[in-house]
There are 2 protein chains.
Amino acid sequence: MGFEKNLICFDCSMTSPVFCNLKPNEIARIDKNRIEVTFNPGEIIMKSGTPNTHVISFFEGLAKISLERRGGRNFILDFIRPPSFFSGPGLFIDKKNHFTISAVELCKLCLIDMDTFLDIMRENTKMAFAFMEISNNFILNLVNKMESLLVKHNYGRVAEAMLYLSRKIYYSNPFKLSISKKELSEMTGLSKESVSRILHEFTDEGLIQITGKTFHLLKEDLLEQISRNG
Amino acid sequence: MGFEKNLICFDCSMTSPVFCNLKPNEIARIDKNRIEVTFNPGEIIMKSGTPNTHVISFFEGLAKISLERRGGRNFILDFIRPPSFFSGPGLFIDKKNHFTISAVELCKLCLIDMDTFLDIMRENTKMAFAFMEISNNFILNLVNKMESLLVKHNYGRVAEAMLYLSRKIYYSNPFKLSISKKELSEMTGLSKESVSRILHEFTDEGLIQITGKTFHLLKEDLLEQISRNG
DNA sequence: AATATGCGATGATATATATCATGAATAATT
DNA sequence: AATTATTCATGATATATATCATCGCATATT
């Protein structure tokens, strides 16, 4: 039994923010130099510090990009929901991974050889520009996170996380939370105890309703206000 | 009296991390579409929120890139020392500036029309790759700042700032500080009172020596240790 | 079913750091 | 040189939030 390829490169590239710019022969090249992998929840897809040899094209699932902190308390920079693309910032610098990416829900993805990717980018300006756009979006997201850490406290950060999960990750309200309380604390940079307490307060005040793993945001406008001013 | 051009584009491009990749005709194009400006200390070069219409090629001086926080307490993401290049992350997204850049020391720089810049980048892959490298370096710097905010407190952050100023900004030890204590606090994300207190403690413990505006790092190894573990 | 293991909740306490308040020193303006 | 305005230093206080400790519940394991 070999490593099978179940995905069709052409179909996937149609929806990809980067590879949608490829010509047929370029898609063929990618197809020859890709590895299709499935990761179970909790498994590490890319470990910070290891060599950065591939870029990732996400096909299915939910993954998190996190920063390793001392004491095992990580910080989640962002989540990844397909269709999407990821390439580490070490690419042109030290060719190392600077983040740890791990699967939250079952993930299906392709690892694409870095050299192949760079070769194609050298020839395909459109793709290069799409790549830059993604890079810049990542920067804006980082800056946003930074602002949160700098000005918001407790309440504001939890409110922000709630809205983010509903709007950018689960695309629904109510939503069923697939991440743990610990991960919620790693999203916000707070301790898990603090997150617990604040979620409790939010339910007491009728802002949200939690039944098991299901979160229902009852007063989004108020949450937004707290997110902005808290 | 018009707006004179005193700098020679060719000389400048020799040292620039991005424009060193240009061919003569491309340099000529840049030369036609650039504005040469001088900024006095304190003056704003680019204001967060305004349209992002130009990229910057720094020729002389010292500038800071900062994030605006509510209450007038900004946060300094990085300093710029020539020869260097800056382009905002809003470039491909919303075409707005997301940071405020202001002069710390007298700055001489060129503003280069964004469309011209993009046109050239579309044709010149080498320059595009240099641009990506700079982008990624910016991300790594942001991530580093983020880690500091997340894990380091007081002492570690001030120690880090001291080492950074000596090694990356003034390239000397001792060095004469051209930034204010308030800016020191904006570099570290602390209150200026806290910065004062810690610098006092550092001098008491013989780690640094401050005479007027001159800072002398006496025990760099210890400062490094504090920066890592504090 | 019984036991173990881990995740989440909640109360009590400790502590880092901001804020406030005041005074000294330095720089700017007249 | 005199006066005003800024910047900086330092002590007292307040407070947000982490840490610690305990307990309950749910899920996994034997």
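Values reported hereafter were calculated over all heavy atoms of this structure, with side chains retained and with hydrogens, waters and symmetry mates removed. So you know, we letter chains A, B, ... as the sequences are listed, proteins then strands, and number each from 1.
- At the phosphate of D/dC8, OP1 or OP2 sits under 4.0 Å from a side-chain N or O atom of B/Lys213.
- A straight line from CD1 of B/Ile179 to P of D/dT7 spans 14 Å, rounded to a whole angstrom.
- Remark: the B/Arg73 side chain and the C/dT19 base include no donor-acceptor N/O pair separated by less than 3.5 Å.
- Of all non-hydrogen atoms in A/Asn173 and A/His216, the two that sit nearest each other are OD1-CD2, 3.3 Å.
- Under 4.0 Å is where a charged nitrogen must lie from a carboxylate oxygen, and between B/Arg197 and B/Glu193 no such pair does.
- At a threshold of 4.0 angstrom between heavy atoms, the contacts of B/Gly189 are confined to the sugar-phosphate backbone, with no base atom among them.
- Checking each of B/Arg167, B/Arg228, B/Lys152, B/Lys168 against B/Glu160 for a salt bridge (Lys or Arg N to Asp or Glu O under 4.0 Å) leaves exactly one that passes, namely B/Lys152.
- Judged by distance alone, with hydrogens and angles left aside, A/Arg197 brings a side-chain donor or acceptor within reach of the base of C/dG11, the pair sitting under 3.5 Å.
- In terms of phosphate contacts, A/Asn154 brings a side-chain nitrogen or oxygen within less than 4.0 Å of OP1 or OP2 of D/dT17.
- Within the 6.0 Å centre-distance limit, the rings of B/Phe117 and B/Phe85 are counted as a close aromatic pair.
- Each of C/dG8, D/dA16, C/dT17 was ranked by its minimum atom distance to the side chain of B/His153; first place goes to C/dT17.
- Straight-line distance from the CG atom of B/Leu184 to the P atom of D/dA9: 10 Å, rounded to whole Å.
- Here the P atom of nucleotide D/dA18 and the CZ atom of A/Phe75 are 12 Å apart, to the nearest Å.
- The phosphate of D/dT7 has neither OP1 nor OP2 within less than 4.0 Å of any side-chain N or O from B/Lys182.
- Closest contact between the side chain of B/His200 and the listed nucleotides D/dC8, D/dA18, D/dT10 involves D/dT10.
- A straight line from CD1 of B/Ile210 to P of D/dT10 spans 10 Å, rounded to a whole angstrom.
- Side-chain contact annotation: B/Asn229 with B/Tyr155, donor-acceptor N/O pair under 3.5 Å absent.
- OP1 or OP2 of D/dT7 has not a single side-chain nitrogen or oxygen of B/Ser180 nearer than 4.0 Å.
- C/dA27 atom P lies 12 Å from atom NZ of B/Lys181, rounded to whole Å.
- In this structure, the CD1 atom of A/Ile198 is 13 Å from the P atom of C/dT10, given to the nearest Å.
- In this structure, A/Leu150 atom CG and C/dT17 atom P are separated by 14 Å, rounded to whole Å.
- Nearest to the side-chain atoms of B/Ser196 among the listed nucleotides D/dA16, D/dA18, D/dA9 stands D/dA9.
- Here D/dA16 presents its C1' atom at 12 Å from CD of A/Glu201, a figure rounded to the nearest Å.
- The listed nucleotides are C/dC20, C/dG8, D/dA9; the one nearest the side chain of B/Glu193 is C/dC20.
- Among C/dA18, D/dT19, D/dG11, the nucleotide with an atom closest to any side-chain atom of A/Ser191 is D/dT19.
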